[in-house]
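Bear in mind the structure is a predicted one, so any value in this text is a computation, not a measurement. Protein chains get the first letters and strands the later ones, always in sequence-line order, with residue 1 at the start of each.
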Amino acid sequence: MIIELIRQLINKIVLTNWPSIRLPKFTVEISKNSKHLDYASNISMILEGITKQSSNLIAKFIAEKLVADPRIELVDIVNPGFINIKVSNRILYQALNVAISKGSQYGVHESLGKSVLLEFVSANPTGPLHLGHARSAFMGDAISRILKASGYNVTKEFYINDVGNQIETLGNTIYARYMQLFGLNIKLKENAYPGEYIIDIARHLKEQDGDKWINRNDYLQRCIEIGIKENLENIQKVLNISGIEFDTWYSEKSLHDKGLIEAILNKYQELGVLYNADEAETGNKIRREDSQAAKFIINQEGGTFLKTSCFGDEEDRILVRKNGIPVYLVADIAYHKEKFDRKFDRIINIFGADHAGHVLKICACMRALGIDISNFEFLLVQMVHLLEDGKDIRLSKRSGKIISLEDFVNHVGADAARFIFLMKSPNTQFDFDLNIINSTSKDNLLYYIQYAHARIANITSKFKKIEKLQEDILEKLILPEEFNMIKKIDSYPEVVKLSALTLEPHRIFFFCKELVSEFHSYYTKYKYTEKIISDNYQLTQARIGLISAVRQVIFNSLNLLGITASESMYNK
RNA sequence: GCUCCCGUAGCUCAGAGGAUAGAGCGUUGGUUUCCUAAACCAAAGGUCAUAGGUUCGAAUCCUAUCGGGAGCGCCA
């Protein structure tokens with residue numbers, strides 16, 4: 001990686017000549033403007049602030065040292081102290097060879113020996129996954145691939161909320177549907193789940209148990225059991241067709257069974273961070289009167305509170321209701337404490353933006369346990385507004401029901417679904433018109449990229465796979481566009497790293513688009529004059545090697561996003 | 001009222017404090033006897049919401065205001 005090489009050269013110069021300072025953050029990047037040579041750094045302007053020397057002088061000094069290295073061909077200084085660098089062709093050729101020889105492993109970093117726990121989706125097992133789950137599902141999956149490629153050992157986890165009121169509602173709804181199957185006119189309760197999938201579950205219950213549960217009071221356990229089982233199977237099936245696989249499924253019920261709920265409460269008690277609402281002292285922030293929570297004031301009397309407001313939360317949170325039953329938050333605390341006990345180097349939660357309110361809460365609860373949360377990260381994924389012909393499609397037109405993820409993936413295809421939800425930064429909400437996936441022009445970035453892959457595959461298919469190019473062959477590559485593509489290819493591993501650091505898969509897409517655009521442009525510009533396949537054997541080999549590397553980088557990029565790259569667009 | 005995200009071209013969005021703010025769509029005009037035209041080239045289009053501040057330098061960081069979204073239950 002040439003950027004890394006230049007960075008290290010600069011590091012060394014700075015540390016030798018300003019031994020007393022701490023190495024500051026500075027940039028080395030591919031120059032955007034060809035006037036600025038190959039690479040550019042802002043180191044001297046940064047150093048100016050630290051050393052109080054003029055940035056132009058610093059730049060001059062560093063430039064002299066840099067140019068002494070045989071790998072640096074030319075250094076130019078531009079006001080107020082930009083250092084522009086032209087590197088030798090030789091290291092560019094070497095960089096290309098690295099990409100060619102690493103093949104599908106190009107961009108995959110060596111193991112860091114570090115582990116990440118990545119929790120995402122964690123949808124309640126009370127019904128099928130729907131469009132609202134799509135973005136965080138694909139985002140989590142892509143991030144896990146990117147983290148793996150940048151050297152982390154990743155565990156993808158799905159937390160199953162298999163306890164609580166919603167689960168009881170599920171059981172009761174199934175029972176009502178079950179009774180209806182026997183012609184008994186049981187009305188659904190107001191809060192019951194209306195979906196037809198419940199009827200299917202009830203039918204299966206009838207098939208398995210017959211009329212066993214008619215007019216009995218002890219049906220709930222059985223109904224919950226079959227409901228959770230079938231809903232989870234359905235969730236797994238949909239994840240499967242979407243190309244998403246989890247490593248661990250963590251049951252909330254298991255926390256209860258192991259007695260970890262009481263353990264948490266005891267621990268807080270020991271730490272002296274609990275108080276009883278009836279004995280609240282002045283300064284205890286039980287609730288904000290201006291919040292919407294105030295609407296529920298009638299139900300809010302008594303109970304045991306945790307002093308979360310002392311640990312960064314806006315207010316104290318109730319842990320145990322007046323009737324002695326802990327609220328769900330306690331299980332969530334127990335679950336997150338388990339995550340920390342399992343000793344991961346990074347713990348990442350991917351939440352939909354509608355769960356943003358939990359971030360402060362959970363962090364405060366962890367701090368109250370004395371846990372260091374510096375390796376605890378949240379990625380809040382914003383909503384996508386899907387349109388078709390300019391109309392909102394969040395709800396299906398016919399039934400008015402929420403569109404299932406299954407229907408959606410079957411409708412647009414897994415690749416397009418991933419593309420839609422991964423193409424933009426996770427923390428921007430955006431509009432997407434579904435008509436675009438049928439478009440055959442450049443607005444459909446997915447096809448644009450896949451087309452380039454197929455185009456190259458078609459050209460290179462006439463040649464043997466190249467493992468490595470000899471220097472005399474590489475030297476045939478002299479066009480500026482060829483050097484630019486090599487620089488781009490060379491920067492790919494950096495893009496993977498940055499994407500892992502920021503948890504932003506869309507960076508891979510944009511990088512890929514830029515590389516592809518350079519290729520198409522190159523291809524067209526020289527279509528009549530400097531063809532890739534020519535009578536000159538060595539030149540042809542060199543260019544086939546170059547575009548093979550471009551194809552490989554496209555392939556590897558799409559792979560990080562879980563998207564396939566086809567050899568041909570004709571038989572797609 | 002409070003918290004979080006966003007505000008960049010007509011539209012949809014990029015832009016980890018750097019040089020002349022970019023791309024696609026749309027608009028206008030060009031490129032196919034030739035390795036995939038699902039492509040390419042060019043033109044037009046901007047007070048980076050507003051006002052202050054920090055800095056050698058701000059779309060980017062800080063503060064305030066305005067506008068859009070999500071959330072603020074003893075539901076999970």
At under 4.0 Å between heavy atoms, what does N124(A) touch on the DNA or RNA strands: base, sugar-phosphate, or nothing? sugar-phosphate
Sugar-phosphate only, base, or nothing, as touched by Y328(A) at under 4.0 Å among non-hydrogen atoms: base
N438(A) near the nucleic acid: base, sugar-phosphate alone, or nothing, with a heavy-atom cut-off under 4.0 Å? nothing
Which part of the nucleic acid does I459(A) contact within heavy-atom distance under 4.0 Å: base, sugar-phosphate only, or nothing? sugar-phosphate
With a non-hydrogen cut-off below 4.0 angstrom, is N323(A) in contact with a base, only sugar-phosphate, or nothing? nothing
Are N427(A) and S425(A) linked by a side-chain donor-acceptor pair shorter than 3.5 Å? yes
Rounded interatomic separation in angstrom, taking NE2 from H355(A) and P from rG73(B): 12 Å
Report yes or no: is there a donor-acceptor pair, N or O only, under 3.5 Å between the side chain of D443(A) and the base of rA23(B)? no
What is the nucleic acid contact for I436(A), judged by heavy atoms within less than 4.0 Å: base, sugar-phosphate only, or nothing? nothing
To the nearest angstrom, how far is Y448(A) atom OH from rC13(B) atom P? 21 Å
Would you say F82(A) stacks on rA19(B), if stacking means ring centres under 5.5 Å apart and planes within less than 30 degrees? yes
Nearest-angstrom distance from the residue atom CD of E29(A) to C1' of rG17(B): 11 Å
Would you mind classifying the nucleic acid contact of A331(A) as base, sugar-phosphate or nothing, using non-hydrogen atoms under 4.0 angstrom? nothing
Would you classify Y523(A) as touching base, sugar-phosphate or nothing, given that sugar-phosphate means primed atoms plus P, OP1 and OP2, and contacts are heavy atoms under 4.0 Å? base
Just to be sure I understand the rule, does E504(A) reach a base, reach only the sugar-phosphate, or reach nothing, if contact means heavy atoms closer than 4.0 Å? nothing
